[in-house]
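The block underneath contains the structure these notes are about, expressed in structure tokens.
We're numbering straight along the sequence, starting at 1.
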Amino acid sequence: MKYLNVLLLALLVGFASCDDDDVPAAENEEEVIDNIVLTFTDDDTGDEFVFEANDPSGSGSFTYDDIEIKANATYTLSVEFNNAAEGESITEEIEEEADEHMIFFEFTNNIFANPQGNGNIGAGSRDDALNYLDQDGNGQPTGLSTSWQTGDAVAGVFRIVLKHQPDNKSATSTSTDGETDVDVEFPIAIIR
């Protein structure tokens, strides 16, 4: 009888310790991004031009402002990512985990005077020139701050892809590596 009581007590303790509260929280849950803010600051005048993409339903169907910036100017672009529904800045998380995140850019061919070309999205295009102004602790670009020089008046598209690359961000990782946190395409017009 004594052994039976010990066995029952052991079973009760074992079942009690299998509570769902003991399950560890998932790490690196996918961020909810429903608001993206692009701020182009004219390096000469300090004028700011702000454009947003919003997805209030969280369905991945963004609505976009049309980007309109002046011709023959140099801009610093700051990109912000938010979970507006929760009042949370995802940009802060990207800054804290910069060694796991990178923003890639694609744009209508030669819409900019610098960088030229069409960006670094797609396999084999990581080496295409972009003017990253920020980097992670390993010296790899992040993309929350970049530099852009416009030329003549022209119109096209401007695409931003935020990648989460926790195990493979390197000097050779591309927009095809890792998980896509957000992929948005703005209409853009360089105006006189």
Nearest 0.5 Å please: distance from the CD atom of Q149 over to the CD1 atom of I190.
-> 11.0 Å
Rounded distance [0.5 Å steps], CG in L162 versus OG in S175 | 12.0 Å
Under the 3.5 angstrom rule, does the side chain of N35 hit a backbone N or O of N83 as a donor-acceptor pair?
-> no
Looking at P115 and S147, what are the two nearest heavy atoms and their distance?
-> CD-O, 4.0 Å
Can you check side chain to side chain contact (heavy atoms under 4.5 Å, CB included) on D181 and H101, steps first, answer last?
-> CA-CA 9 Å; D181 285 336; H101 290 89; 3.6 Å; yes
Given the rule in the side chain to side chain contact (heavy atoms under 4.5 Å, CB included) test, do L77 and F49 qualify, once you have shown the distances and angles that lead to the verdict?
-> CA-CA 9 Å; L77 170 61; F49 303 89; over 6 Å; no
Can you name the closest pair of heavy atoms from Q135 and G139 and give their distance?
-> OE1-CA, 3.6 Å
Non-hydrogen side-chain atoms of E100 and I94 separated by less than 4.5 Å = no
Kindly give the heavy-atom pair with the smallest separation between A71 and A153, and that separation in Å.
-> CB-N, 4.1 Å
What residues form a side chain to side chain contact (heavy atoms under 4.5 Å, CB included) with N118, not counting sequence neighbours?
-> N109, D128
Quick check: does any side chain N or O of D34 sit under 3.5 Å from a backbone N or O of A84, one acting as donor and the other as acceptor?
-> yes
Does one side chain, of S57 or D55, offer a donor that lies under 3.5 Å from an acceptor on the other?
-> yes
Give a yes or no answer on whether the side chain of Q116 reaches the backbone of A129 with a donor-acceptor pair at less than 3.5 Å.
-> no
Heavy atoms of N54 and P56 approach each other most closely as C-CD, 3.6 Å
Kindly indicate, with the supporting measurements, whether the criterion side chain to side chain contact (heavy atoms under 4.5 Å, CB included) is fulfilled by T150 and K70.
-> CA-CA 7 Å; T150 58; K70 297 181 298 183; 5.7 Å; no
Are the charged groups of D177 and K163 less than 4.0 angstrom apart, N to O?
-> no
Partner residues of D136 under the side chain to side chain contact (heavy atoms under 4.5 Å, CB included) criterion, sequence neighbours left out = A98, D99, N138, Q140, T142, K169
Taking the six-membered ring for Trp, is the centroid-to-centroid distance between W148 and Y75 below 6.0 Å?
-> no
Closest approach of I160 and I103, non-hydrogen atoms and distance?
-> CG2-CG2, 3.4 Å
Contact summary for T174 and F104, nearest pair of heavy atoms = C-CZ, 3.5 Å
Just jot down the side chain to side chain contact (heavy atoms under 4.5 Å, CB included) partners of D65, sequence neighbours excluded, or say none.
-> F51, E52
Is T180 reaching over with its side chain to a backbone N or O of V182, donor-acceptor style, under 3.5 angstrom?
-> no
Donor-acceptor contact present, side-chain T91 to main-chain F81, <3.5 Å = yes
Roughly how far apart are I121 CD1 and F105 CZ, rounded to 0.5 Å?
-> 8.5 Å
Between D43 (side chain) and T76 (backbone), is there a donor-acceptor pair under 3.5 Å?
-> yes
Among pairs that include at least one residue of residues 138-149, which meet salt bridge (Lys or Arg N to Asp or Glu O under 4.0 Å), considering only residues two or more places apart or in two chains?
-> none
Nearest 0.5 Å, what's the CD-CD distance between Q165 and E179?
-> 10.0 Å
When you measure from the side chain of T41 to the backbone N and O of E48, does any donor-acceptor pair fall under 3.5 Å?
-> no
Can you tell me if T108 uses its side chain to pair, donor with acceptor, with the backbone of V157 under 3.5 Å?
-> yes
Donor-acceptor contact present, side-chain R126 to main-chain S173, <3.5 Å = yes
Co-members of V50 in a cluster of I, L, V, M, F, W and Y side chains, linked at under 4.5 Å = V37
Please test L38 against E80 for side chain to side chain contact (heavy atoms under 4.5 Å, CB included), starting from the C-alpha separation and ending with a verdict.
-> CA-CA 7 Å; L38 307 182; E80 298 174 39; over 6 Å; no
Atom pair CZ/OG of F40 and S78 - distance to nearest 0.5 Å | 10.0 Å
Please report the C-alpha distance between D44 and T74 in whole Å, then the side-chain angles of each, then the deciding distance to 0.1 Å, and finally whether the side chain to side chain donor-acceptor pair (under 3.5 Å) criterion is met.
-> CA-CA 7 Å; D44 291 330; T74 301; 5.7 Å; no
For the pair N110 (side chain) and G117 (backbone), establish whether a donor and an acceptor sit closer than 3.5 Å, ignoring hydrogens and angles.
-> yes
Once you round to the nearest 0.5 Å, how far does CG of L133 lie from OG of S145?
-> 4.0 Å
Return the set of residues passing side chain to side chain contact (heavy atoms under 4.5 Å, CB included) with A53 (not counting sequence neighbours), or none when no residue passes.
-> I36, F62, Y64, F186
